[in-house]
> 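Take a look at this one; I'll ask things after.
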Amino acid sequence: MLRVEDLHVDRGRTKVLQGINLSVEPGEIATLIGANGAGKTTTLMTLSGLLPIAGGRAEFRAERGPLDIGATSPVGLVRAGIIHCPEGRQIFGRLSIEENLQLGAYLSNDRDRIAQAVADIYEWFPILGERRALKAGNLSGGEQMMLAIGRALVAEPKLLLLDEPSLGLAPQITEEIFDALGKLNREKGVTMLIVEQNAMLALELADRAFVIENGRIVLTGTGKELLDDPAVFEAYLGVG
Amino acid sequence: MSDYLIQQIVNGLSLGSLYALVAIGFSLIYGVIRLVNFAHGDLLMIGAFMTFGLVASDMVPWAAIPLLVLAGGFAAGGLIERVAFRSISGAPMITGFIVTLSASIAIQNLALIFLGSQPRNFNFPEVFRMRLPIGGADVALIDIVIPAVTLLCALGLTTFIRRTRVGIAIRAVAENPFAAQLMGISIGRLVFLVFGLGGALAALAGLFWSGKYGQINPLMGFLPGLKAFLATIIGGVGSLPGAIAGGYILGFSEIAFVGFLPPEYSGYRDAFVFGLLILILLVRPQGLFGEAEQERA
């Protein structure tokens, strides 16, 4: 579904990604873990077309054939089904919950489908349904995360990019969010690429994992393999 | 109520409406991209000259003129966005200030070159200069039409922003352009739309202005533009109801200063109006309807 080969991305003069290779197959949860500043967010922003590619290639296998991510606009990528749920949630605090969800389906013209998709989110996260007219800025951090995920799901993602879903959330809330992500993957078949600093949670959930260090992938394996890897344990799981 | 008072209220409503029409565009544009568009007032002048040209040409039916002026204002507003704003997108805010100020001066000078510096008189046909007796006062029809149309425009625009998908997207871009982009919203197109809508309303104000005062000149947009900018500040920059309220506050106070102060002071009405602005901002720095920015982490 997603194939990234020798991807180089610069931000200003800094060479942030220095040859990333990774792939995500349909229906799986992949995770990209690594320390702060390793290039995780840069990777996701590149995949949603927000940063130019300096070298290498990123290809999205859509239904209508392969799509060169570097040559497609952000709007085109959303249309193709790459939906990015950004770091820090970035919900629209002054808009109502309902409006936030509606915006998730901005590119769709099918009113019935949008209504159904929004209703589905209210079923998944009943707390959002109860408060649909409330301004989203009034929600707690965990509820805002649910809204951010819901907003992304309304777009009917083929590939959901999640940037640090645990950021700023209490451990218990984080677990609830990750449970919900696992359930979405199993029951709806949503393919995901999750970027996380909380490596333990991400690896437990992931079918496939990539460890990024200084803009390069240094380890690849199944989630379980990496969980059992002493080097990973020492670097990312031992402390904190 | 004395006929004098009725007359003054109608005058205030009418003038306030004109400021409100221009202020709405200021506020929309600022709300979405945090840019004070100094060329916005000149769209009023453009609307006035379009009206003049269309009337003088005698080629289009009367009913079509307001529609053509709205369309022309939309195009002119959009053109300012393409030429003066898009070319500098991503630059610091001060650049936007300078570019729109330059655009304003350029528009005024082009108008001076091609339209001449002499003020032109022109009157709407007789039927549009009718006067109505209201409560003993003799009121110009246009002073009733202006507030009525303004109200319709304000309601229409507010409904558009509140209810429609594009309106929701405009509010989303105003709050968080980065996240809006992730929704598949094309920010460039929305910014163009906002400049166009603002331009259409300012041009409509120009049509009304020319009909109300019967005289137009290339620099006529400057002072109304400045005052409409003040109206948006009074109302709270970025707030549509604020811009409209600000327009009426400004219009009414201007009329009141002229109408109720001793004649020897009426020449200083702008000083009083600007003094009022300072007072309001001392009490409410964010404007009447402005929200102090706050977001949850």
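Chain naming here is simple, since letters A, B, ... match the order of the sequence lines and numbering starts at 1 in each.
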> Please list, in residue-number order, every residue in residues 103-113 of chain A that has a heavy atom less than 4.5 Å from any heavy atom of chain B; write 'none' if there are none.
A/Leu103, A/Gly104, A/Ala105, A/Tyr106, A/Leu107, A/Ser108, A/Asn109

> In Å and rounded to the nearest 0.5 Å, what is the NE2 to CG distance from A/His84 to B/Leu182?
5.5 Å

> Which atoms of B/Ala180 are under 4.5 Å from chain A, going by heavy atoms: the side chain, the backbone, both sets, or neither?
both

> Quick check on A/Leu50 against chain B: is it the side chain, the backbone, both or neither that has a heavy atom closer than 4.5 Å?
side chain

> Is it true that atom CZ of B/Arg86 has more than 12 heavy atoms of other residues, nucleotides or ligands lying nearer than 6.0 Å?
yes

> Go through the atoms of B/Arg162 and report whether side chain, backbone, both or neither lie under 4.5 Å from a heavy atom of chain A.
backbone

> Got a donor-acceptor contact below 3.5 angstrom from the A/Glu99 side chain to the B/Ile168 backbone?
no

> Between B/Glu175 (side chain) and A/Gly93 (backbone), is there a donor-acceptor pair under 3.5 Å?
yes

> For atom OH of A/Tyr122, is the number of surrounding heavy atoms from other residues, nucleotides or ligands below 6.0 Å larger than 12?
yes

